[in-house]
Amino acid sequence: MATARSPSGGPGGSGRARSLRGQGEQLRREILAAVNRLLVEWGSAEKLTMRAVAKEVGVAAPSIYLHFPDKAGLVWAALSDKYDDLVASMVRADAASDGTDPREPLRAQTHAYCQFALSNPGHYRLMFEVPQPTVEVARISGHPAHGVSASFRAGFRRCQETGYALSLPVEQAAQTLWAGLHGMVTLHHSLFPDESTENLTLQLADGLLDSLVANTPGASPPFRSTPPETAASRHLRAILAGSSDRPGDGDSSAGILGAHE
């Protein structure tokens with residue numbers, strides 16, 4: 001017998017046939033597709049619940065928990081391929097740039113970031129412009145955006161290691177660059193959705209990068225002393241702390257992504 005149903009079509013009366021053994025991955029893909037549809041329709045994860053996803057797929061809610069532990073895990077998994085595409089475009093741009101000047105691979109990364117955001121406004125809004133589920137600090141390192149921070153950090157570190165002065169410490173420089181680029185493309189999405197502002201955006205990105213990395217080799221200026229430790233600073237340090245700085249690897253920083261409702 002190929003499939004079987006409970007008298008009510010499954011727990012909760014979903015009406016969907018039980019999956020055959022080995023079809024769990026197919027169900028997982030259907031769940032993630034449903035999450036993406038609902039996120040696009042609602043514009044945020046605020047109304048997203050396991051029950052709503054189960055209804056969209058046509059299964060009982062417990063079937064969702066077999067694949068995802070909670071709402072955060074569900075949303076992160078649904079968006080992970082989009083973060084992977086962004087990081088991959090940054091890494092490709094870095095590798096294809098002129099290697100004689102260590103600033104140029106980092107500049108190529110910034111351009112790739114902006115171009116991805118401008119070319120994929122719907123995806124970008126879901127990734128960075130809508131609230132995502134709150135999680136404890138210990139889980140933030142698992143957010144699929146960690147590769148973006150890793151790639152920027154690696155670029156700044158290369159500049160520093162080859163003698164180009166940074167105006168800020170590596171982690172802070174990477175965070176400042178990311179936040180600045182995000183602000184530029186968010187303004188574009190909000191104010192100029194029907195106009196091409198790519199050239200202006202890339203010029204502004206270049207200016208921001210040039211303010212963070214000197215245009216000639218030389219020693220970095222002294223950085224400001226570390227302010228007193230606070231609960232907020234400990235939280236931010238936990239977000240930014242990474243185990244590695246290679247683009248696209250297991251860096252555990254989550255960058256501008258806060259943990260908010």
Side-chain angles (χ1 to χ4, degrees), residues 76 79-120 123-124 127-128 137 139-185 201-202 204-221 223 226 236-258:
W76 292 4
L79 298 178
S80 62
D81 61 330
K82 299 171 180 59
Y83 292 109
D84 289 345
D85 288 345
L86 170 57
V87 174
S89 69
M90 293 168 61
V91 172
R92 286 194 302 269
D94 183 292
S97 64
D98 181 2
T100 60
D101 185 336
R103 296 170 303 163
E104 293 313 304
L106 183 54
R107 192 180 309 280
Q109 286 191 49
T110 67
H111 286 195
Y113 182 98
C114 293
Q115 289 164 339
F116 176 93
L118 297 178
S119 300
N120 302 276
H123 286 170
Y124 190 86
M127 294 159 68
F128 296 118
V137 173
R139 287 186 62 189
I140 293 177
S141 63
H143 195 285
H146 60 74
V148 178
S149 177
S151 194
F152 283 145
R153 285 155 58 99
F156 278 110
R157 198 171 299 283
R158 282 199 306 265
C159 292
Q160 188 178 59
E161 289 173 349
T162 51
Y164 284 82
L166 306 183
S167 59
L168 295 169
V170 168
E171 288 187 0
Q172 192 175 349
Q175 190 71 0
T176 299
L177 177 62
W178 192 0
L181 298 179
H182 173 71
M184 293 173 197
V185 298
T201 299
L202 296 183
L204 293 173
D206 285 342
L208 176 58
L209 180 61
D210 290 340
S211 73
L212 295 169
V213 184
N215 59 8
T216 58
S220 295
F223 301 125
T226 304
L236 182 59
R237 183 154 35 80
I239 294 174
L240 293 175
S243 60
S244 178
D245 291 301
R246 295 189 302 275
D249 68 8
D251 184 344
S252 63
S253 62
I256 58 174
L257 281 165

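Residue numbers start at 1 and run along the sequence shown.
When atom types are taken as modelled, the side chain of Thr176 and the backbone of Gln172 share a donor-acceptor pair closer than 3.5 angstrom. Without hydrogens or angle criteria, Ser80 side chain to Pro144 main chain gives no donor-acceptor distance under 3.5 Å.
Closest non-hydrogen pair, Ala205 versus Thr110, comes out as CB-OG1, 4.5 Å. For the residue pair Ala174 and Arg153, the shortest heavy atom distance occurs at CB-CG, 3.7 Å. Contact between Val91 and Ser151 at its shortest, heavy atoms only, is CG2-OG, 4.4 Å. In terms of heavy atoms, Trp178 sits closest to Ala145 at CH2-O, 3.8 Å. In terms of heavy-atom proximity, Ser97 sits nearest to Pro105 at OG-CA, 3.0 Å. Listed here is the closest heavy atom pair of Cys114 and Thr201: SG-CG2, 3.9 Å.
For the atom pair SG of Cys159 and CG of Leu209, the computed distance is 7.0 Å after rounding to the nearest 0.5 Å. Distance check, rounded to the nearest 0.5 Å: CZ of Phe128 to NZ of Lys82 gives 12.0 Å. We find the CG-CG distance between Leu181 and Leu202 to be 9.5 Å, quoted to the nearest 0.5 Å. Rounding to the nearest 0.5 Å places CD of Gln175 at 11.0 Å from CZ of Phe156. Distance check: His143 NE2 to Leu79 CG gives 7.0 Å after rounding to the nearest 0.5 Å. Note: Asp84 CG to Ser89 OG = 11.0 Å, rounded to the nearest 0.5 Å.
Here His123 and Phe116 keep their ring centres 6.0 angstrom or further from each other.
Within the 4.5 Å cutoff, the side chain of Asp210 has no heavy atoms near those of the Asn215 side chain. The shortest distance between side-chain heavy atoms of Asn120 and Asp85 does not fall below 4.5 Å. Looking at heavy atoms from C-beta onward, Asp94 lies in side-chain contact with Arg158 at the 4.5 angstrom threshold. Between Tyr124 and Leu118, the closest side-chain pair of non-hydrogen atoms is not below 4.5 Å.
Legend: residues meeting side-chain hydrogen bond (donor to acceptor under 3.5 Å, both in side chains) with Asp101, ordered by chain and number and at least two apart, are Arg103. In this view, Asp206 and Arg107, His111 satisfy the side-chain hydrogen bond (donor to acceptor under 3.5 Å, both in side chains) rule, not counting sequence neighbours.
Residues Tyr83 and Trp76 have side chains that never bring a donor and an acceptor to within less than 3.5 angstrom of each other.
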